[in-house]
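Notes to accompany the following structure.
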Amino acid sequence: QVQLVESGGGLVQAGGSLRLSCAASGRISSFNVMGWDRQAPGKQRELVASISNGGSTYYADSVKGRFTISRDNGKNTVNLQMNSLKPEDTAVYFCSLSNAGYSLPYWGQGTQVTVSS
């Protein structure tokens with residue numbers, strides 16, 4: 001009952017920037033967390049960043065200082081600004097929304113980010 005649509009993926013050179021966006025619709029609680037996961041071929045899926053409705057953020061150590069997550073509660077959107085990109089950032093990035101009181105999040109279809117060296 002929640003739909004997530006990602007945009008902004010693409011190909012960029014190392015050191016460049018990219019901005020991912022995700023629009024959520026449907027049954028969304030006022031208390032929720034939105035975020036981004038990524039998965040590279042042969043590697044385990046990892047949480048990159050998340051942000052609560054109140055603005056509390058989390059970042060994986062590998063992206064701290066380079067990525068910034070933000071959201072617009074009125075528009076039900078979340079963004080991931082990715083700067084100083086590295087080849088190891090190459091992955092499929094998935095947007096998520098977790099409603100308070102639910103055990104599992106909703107996921108978008110994913111968007112490919114490729115960073116060339």
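Note that the numbering runs from 1 along the sequence shown for the chain.
No side-chain donor-acceptor contact under 3.5 Å links Asp72 and Thr77.
Relative to the ring axis of Trp107, Arg45 places its NZ or CZ within 45° and under 6.0 Å from the centre.
Atom-to-atom distance recorded for Arg27:CZ and Gln3:CD is 10.5 Å, nearest 0.5 angstrom. Remark: Leu80 CG to Cys22 SG distance equals 10.5 Å, nearest 0.5 Å. A distance of 8.0 Å separates CZ in Phe67 from CG in Leu20, rounded to the nearest 0.5 Å. Distance check, rounded to the nearest 0.5 Å: CD1 of Ile28 to CG of Asn73 gives 10.0 Å. Here the straight-line distance linking atom OG of Ser98 with atom CE of Met34 works out to 9.5 Å at 0.5 Å rounding. Atoms OG and CD1, from Ser70 and Ile51 in turn, are 6.5 Å apart once rounded to the nearest 0.5 Å.
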Stepwise side chain to side chain contact (heavy atoms under 4.5 Å, CB included) check, Leu85 with Leu18: CA-CA 8 Å; Leu85 283 162; Leu18 206 60; 3.9 Å; yes

task: Please lay out, stage by stage, how Ser17 and Gln81 fare under the test side chain to side chain contact (heavy atoms under 4.5 Å, CB included).
output: CA-CA 8 Å; Ser17 297; Gln81 179 66 46; 4.0 Å; yes

- request: Could you give me the CA-CA distance, side-chain angles and deciding distance for Arg19 and Asn83, then say whether side-chain hydrogen bond (donor to acceptor under 3.5 Å, both in side chains) is met?
  value: CA-CA 9 Å; Arg19 185 177 179 87; Asn83 298 326; over 6 Å; no

message: Tyr59 vs Thr68, test: side chain to side chain contact (heavy atoms under 4.5 Å, CB included). Steps then yes/no.
response: CA-CA 8 Å; Tyr59 295 97; Thr68 303; 3.8 Å; yes

message: Between Val48 and Asp37, does the side chain to side chain contact (heavy atoms under 4.5 Å, CB included) criterion hold? Intermediate values first, please.
response: CA-CA 5 Å; Val48 176; Asp37 278 19; 5.7 Å; no

Enumerate, atom names and distances included, each donor-acceptor pair closer than 3.5 Å involving a side-chain atom of residues 90-97, sequence neighbours excluded.
residue	atom	partner	partner atom	Å
Thr90	OG1	Pro87	O	2.9
Thr90	OG1	Val115	N	2.9
Thr90	OG1	Val115	O	3.4
Tyr93	OH	Arg38	NH1	2.9
Tyr93	OH	Asp89	O	2.7

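For Gln39, there are no side-chain hydrogen bond (donor to acceptor under 3.5 Å, both in side chains) partners two or more places apart in sequence or in a different chain. Qualifying salt bridge (charged side-chain N to carboxylate O under 4.0 Å, His left out) partners for Glu88, counting only residues two or more places apart in sequence or in other chains: none.
The main-chain N or O of Glu6 is never found under 3.5 Å from a side-chain atom of Gln109 such that the two would form a donor-acceptor pair.
Within the 4.5 Å cutoff, the side chain of Val78 has no heavy atoms near those of the Leu4 side chain. In this structure, Trp36 and Leu47 have side chains that are not in contact, with every pair of non-hydrogen atoms separated by 4.5 Å or more.
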